[in-house]
Number of protein chains: 2
Amino acid sequence: MAVRDTLDVVGGKWKLLIIIAISSGNSRFREIERSIPKISSKVLADELKELEQHDLIKRTVYDASPVIVEYTVTPYSDTLKKVVDSMIEWGTNHRKRIMGKEKVKV
Amino acid sequence: MAVRDTLDVVGGKWKLLIIIAISSGNSRFREIERSIPKISSKVLADELKELEQHDLIKRTVYDASPVIVEYTVTPYSDTLKKVVDSMIEWGTNHRKRIMGKEKVKV
DNA sequence: CAGAATCCTTCGCGATACTG
DNA sequence: CAGTATCGCGAAGGATTCTG
């Protein structure tokens with residue numbers, strides 16, 4: 001099933017959030033880490049590797065001192081736009097729905 | 001973040017697959033279980049409860065002997081259509097890309 | 001800063017058996 | 001059939017420390 005394939009690549013707790021963070025302008029490791037609440041550096045490092053293997057992000061090392069590493073999204077990750085946008089839309093709407101309900105529901 | 005809200009509700013390994021299974025015409029517990037490879041009855045039971053709490057599926061008990069229980073998707077679950085469709089589309093394309101190794105261009 | 005290494009905890013998920 | 005009850009593994013995730 002196709003949905004399963006998608007979940008295998010961008011499922012889990014962090015991957016889409018990381019892609020969003022990078023595409024929002026956070027390119028440095030610490031920037032990404034700070035922009036995602038509650039993520040640890042170990043988890044971030046692990047996830048970045050997987051995303052790079054799937055060609056969804058690109059890691060570039062600049063030979064400075066100290067060394068500078070930049071993460072950017074790849075053109076391929078743009079194909080996830082529909083997925084991300086639909087999830088943003090649904091989540092936004094769902095939050096409104098929950099908010100409106102709690103004053104009526106027990 | 002909105003995506004996080006969406007992941008909290010339909011994230012994880014099974015929830016979207018269950019919704020798809022039910023909306024595809026599987027309404028009985030064992031039908032759903034059989035239509036989703038590798039899922040166990042415990043996991044299915046747990047997930048069904050959560051989905052019902054989020055008003056994404058409806059559980060109806062018919063007083064027969066033996067008792068008949070039917071699961072159906074709710075109108076609210078239709079709002080997930082965009083999410084599901086975009087994931088099906090992406091997963092399908094991604095599989096082609098993996099198979100063709102570079103043949104499928106973005 | 002950008003991670004690697006290590007250790008530890010949580011719990012999602014699974015296998016099996018059993019009940020009404 | 002439609003679940004529940006246990007038991008428990010393994011992996012995801014977390015905390016801390018350390019290195020270049």
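Naming: A, B, ... by sequence-line order, numbering from 1 per chain.
Residue A/Ile57 contributes atom CD1, which lies 14 Å from atom C1' of C/dA2 at whole-angstrom precision. The separation between B/Leu17 atom CG and C/dC13 atom C1' is 14 Å, rounded to whole Å.
The bend of the helix from C/dC1-D/dG20 to C/dG20-D/dC1, defined by the angle between the axes of its first five and last five pairs, stands at 40° to the nearest 10°.
Put simply, the residue from A/Ile19, A/Thr60, A/Ile32, A/Asn26 that forms a side-chain contact (heavy atoms from CB on, under 4.5 Å) with A/Tyr71 is A/Ile32.
The side chain of B/Arg59 places an N or O atom within less than 4.0 Å of a non-bridging phosphate oxygen (OP1 or OP2) of D/dG3.
Checked by atom type and distance alone, the side chain of B/Arg95 never pairs as donor or acceptor with a backbone atom of A/Thr6 at under 3.5 Å.
The cluster map of Ile, Leu, Val, Met, Phe, Trp and Tyr, joined by side-chain heavy atoms under 4.5 Å apart, puts B/Ile22 and B/Val61 in the same cluster.
Relative orientation of the A/Tyr76 and B/His94 rings is parallel, given thresholds of 30° and 60° on the angle between their planes.
For the segment residues 61-69 of chain A, residues with any heavy atom less than 4.0 angstrom from an atom of DNA chain C are, sorted by number, A/Val69. For the segment residues 20-53 of chain A, the set of residues with a heavy atom within less than 4.0 Å of an atom of DNA chain D comprises A/Lys38, A/Lys42, A/Val43, in numerical order.
A salt bridge links B/Glu33 and B/Arg30; the closest N-O separation between the charged side-chain nitrogens and carboxylate oxygens is under 4.0 Å.
Nearest heavy atoms, B/Leu56 versus B/Val9: CD1-CG1, 3.9 Å. Contact between B/Phe29 and B/Leu44 at its shortest, heavy atoms only, is O-CD2, 3.7 Å.
Taken to the nearest 0.5 Å, the NZ atom of B/Lys15 stands 9.5 Å off from the CG atom of B/Asp8. For the atom pair CH2 (A/Trp14) and CG (B/Leu7), the distance works out to 10.5 Å, reported to the nearest 0.5 Å. Distance check, rounded to the nearest 0.5 Å: CG of B/Asp55 to OG1 of B/Thr79 gives 9.5 Å.
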